[in-house]
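Just so it is clear: chains get the letters A, B, ... in the order the sequence lines come, proteins before strands, and each one is counted from 1.
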Number of protein chains: 2
Amino acid sequence: MDRQEIIELLNLRGIQPSAQRVAIAQLVLGTDEHPTAEQVWQKASESLPVVSRATVYNTLNLLTENGLLRRHALKGVSSVFDGNPEAHHHFVDEETGELRDIPWDALEVSGLETLPDSEITGYMVVVRGRRRNPTTDKIAQRSRKEGAT
Amino acid sequence: MDRQEIIELLNLRGIQPSAQRVAIAQLVLGTDEHPTAEQVWQKASESLPVVSRATVYNTLNLLTENGLLRRHALKGVSSVFDGNPEAHHHFVDEETGELRDIPWDALEVSGLETLPDSEITGYMVVVRGRRRNPTTDKIAQRSRKEGAT
DNA sequence: TTCTAAGTTTAGAATTAGTCTCTCTTGCAT
DNA sequence: ATGCAAGAGAGACTAATTCTAAACTTAGAA
């Protein structure tokens, strides 16, 4: 995802595309990973002469409010941010705390219609377990990327 | 759930039933709510002359390790503790942040077998939405629902 | 171009959630 | 009763995140 695309994305929601915001957005939206705020700050520090942690948090929160990002509080203490706001499920590796996406279509949930007294705006499945084979996993990730718009 | 029951529960797992532990366990196991550690600490402070936050955390973690409790990191930053260790799903009220249980049998997830390279130890569905007006709705829903518990 | 006002960013202080470590108790053997 | 080891608890500490107030940018009007 290049700089220009990011700028347009921000403009579209009336967010001033400052240098910091563009850089931070690019870091998080352009990856499959689920970085913590701290990780984003470190990477941002490389490309920008100076960034404050507060700016990183402000920006991540801003992007989250605007639906470009999703925030998850699954891993230990610190939240992770997810550049893929499409609906998807999650796999949490119990050993490492790592978070992986599970494509929406991989799982199906039935019975939601029967929940009483509630208006459902969304749902997801959180699967917990251990990753068995790291090698084949890279392939799985790669094939997921191909399908992106 | 009364004091004596709690003490027996603790003894059964070889946990020394100290005054603090019993009080804390009673607070969390005796409710349907999903309090945060902070909330537990505040309530515990009412019944005990002095309790440290650390004791609350120690005890909650101890109970969690012993399967009497479950810890969830779904709501904002802080974890909530769940006195119902049976497997179940969750409903998050988007307006209040409130967490409600959904019985395990209410929902069914299919497709888990097909997840590649992972050994699954557990899963749950997190449903997000708004609770509709409970009074008017219960009636409407009940007529559709019939024989549920 | 210059001025102004609004919006952004910064460093660091403040707040919160959660853990560590050291001290105090308790239970038990003597 | 007495002393010791294991377990429990309190307060200090750390890490994550937000807040604050001042400095800086930017967009647009004059």
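In this structure, B/Asn66 places its CG atom 11 Å from P of D/dA8, rounding to the nearest Å. For the pair B/Leu48 CG and D/dA8 C1', the interatomic distance rounds to 13 Å; values are reported in whole Å. Following rounding to the nearest Å, B/Gln42 (CD) and C/dA17 (P) show an atom-to-atom distance of 10 Å. Rounded to whole Å, the distance from CH2 on B/Trp41 to P on D/dA10 is 11 Å. Here C/dA11 presents its P atom at 10 Å from CD of A/Gln20, a figure rounded to the nearest Å. Rounded to whole angstrom, the span from the CD atom of B/Glu65 across to the P atom of D/dA8 amounts to 12 Å. One interatomic measurement links the two molecules: CG of A/Leu62 to P of C/dT8, which rounds to 8 Å at whole-angstrom precision. In this structure, the CG atom of A/Asn58 is 12 Å from the C1' atom of C/dG7, given to the nearest Å.
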Given side-chain contact (heavy atoms from CB on, under 4.5 Å), test A/Glu33 with A/Gln39 step by step and report yes or no. CA-CA 11 Å; A/Glu33 284 158 41; A/Gln39 289 167 334; over 6 Å; no
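You'll find that the side chain of B/Arg71 is closest to C/dG18, out of D/dA10, C/dT10, C/dG18. Taking the side chain of B/Ser78 as heavy atoms from C-beta on, and the options D/dA10, D/dT17, C/dA17, the nearest nucleotide is C/dA17.
Between B/Arg21 and B/Arg53, it is B/Arg21 whose nearest contact on DNA chain D lies nearer the 5' terminus.
Listed by residue number, the members of residues 2-18 of chain A with any heavy atom below 4.0 angstrom from DNA chain D form an empty set.
For A/Asn61, a side-chain nitrogen or oxygen approaches OP1 or OP2 of D/dT18 to under 4.0 Å. Proximity of A/Ser79 to the phosphate of D/dA16: no side-chain N or O atom is located under 4.0 Å from OP1 or OP2. Considering only side-chain N and O atoms, B/Tyr57 lies nowhere under 4.0 angstrom from the phosphate OP1 or OP2 of C/dT19.
Counted by atom type alone, A/Glu38 and A/Ser78 present zero donor-acceptor pairs between their side chains at under 3.5 Å.
If you check every strand for non-hydrogen atoms under 4.0 Å, A/Glu38 touches nothing.
For the pairing with B/Asp82, the side chain to side chain donor-acceptor pair (under 3.5 Å) check across B/Arg70, B/His90, B/Arg71 returns one residue only, B/His90.
Using a 4.5 Å heavy-atom cutoff, the side chains of A/Tyr123 and A/Val109 are in contact.
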Which donor-acceptor pairs under 3.5 Å do the side chains of residues 17-30 of chain A make with protein atoms, sequence neighbours left out?
unit_1: A/Ser18; atom_1: OG; unit_2: A/Arg21; atom_2: N; d: 3.3
unit_1: A/Arg21; atom_1: NH1; unit_2: A/Gln16; atom_2: O; d: 3.1
unit_1: A/Gln26; atom_1: OE1; unit_2: A/Arg3; atom_2: NH1; d: 3.4
unit_1: A/Gln26; atom_1: NE2; unit_2: A/Met1; atom_2: O; d: 3.2

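Considering all non-hydrogen atoms of both residues, B/Thr114 and A/Ala106 come closest at OG1-O, 4.2 Å. The nearest pair of heavy atoms linking B/His89 to B/Trp104 is CE1-CZ3, 3.2 Å.
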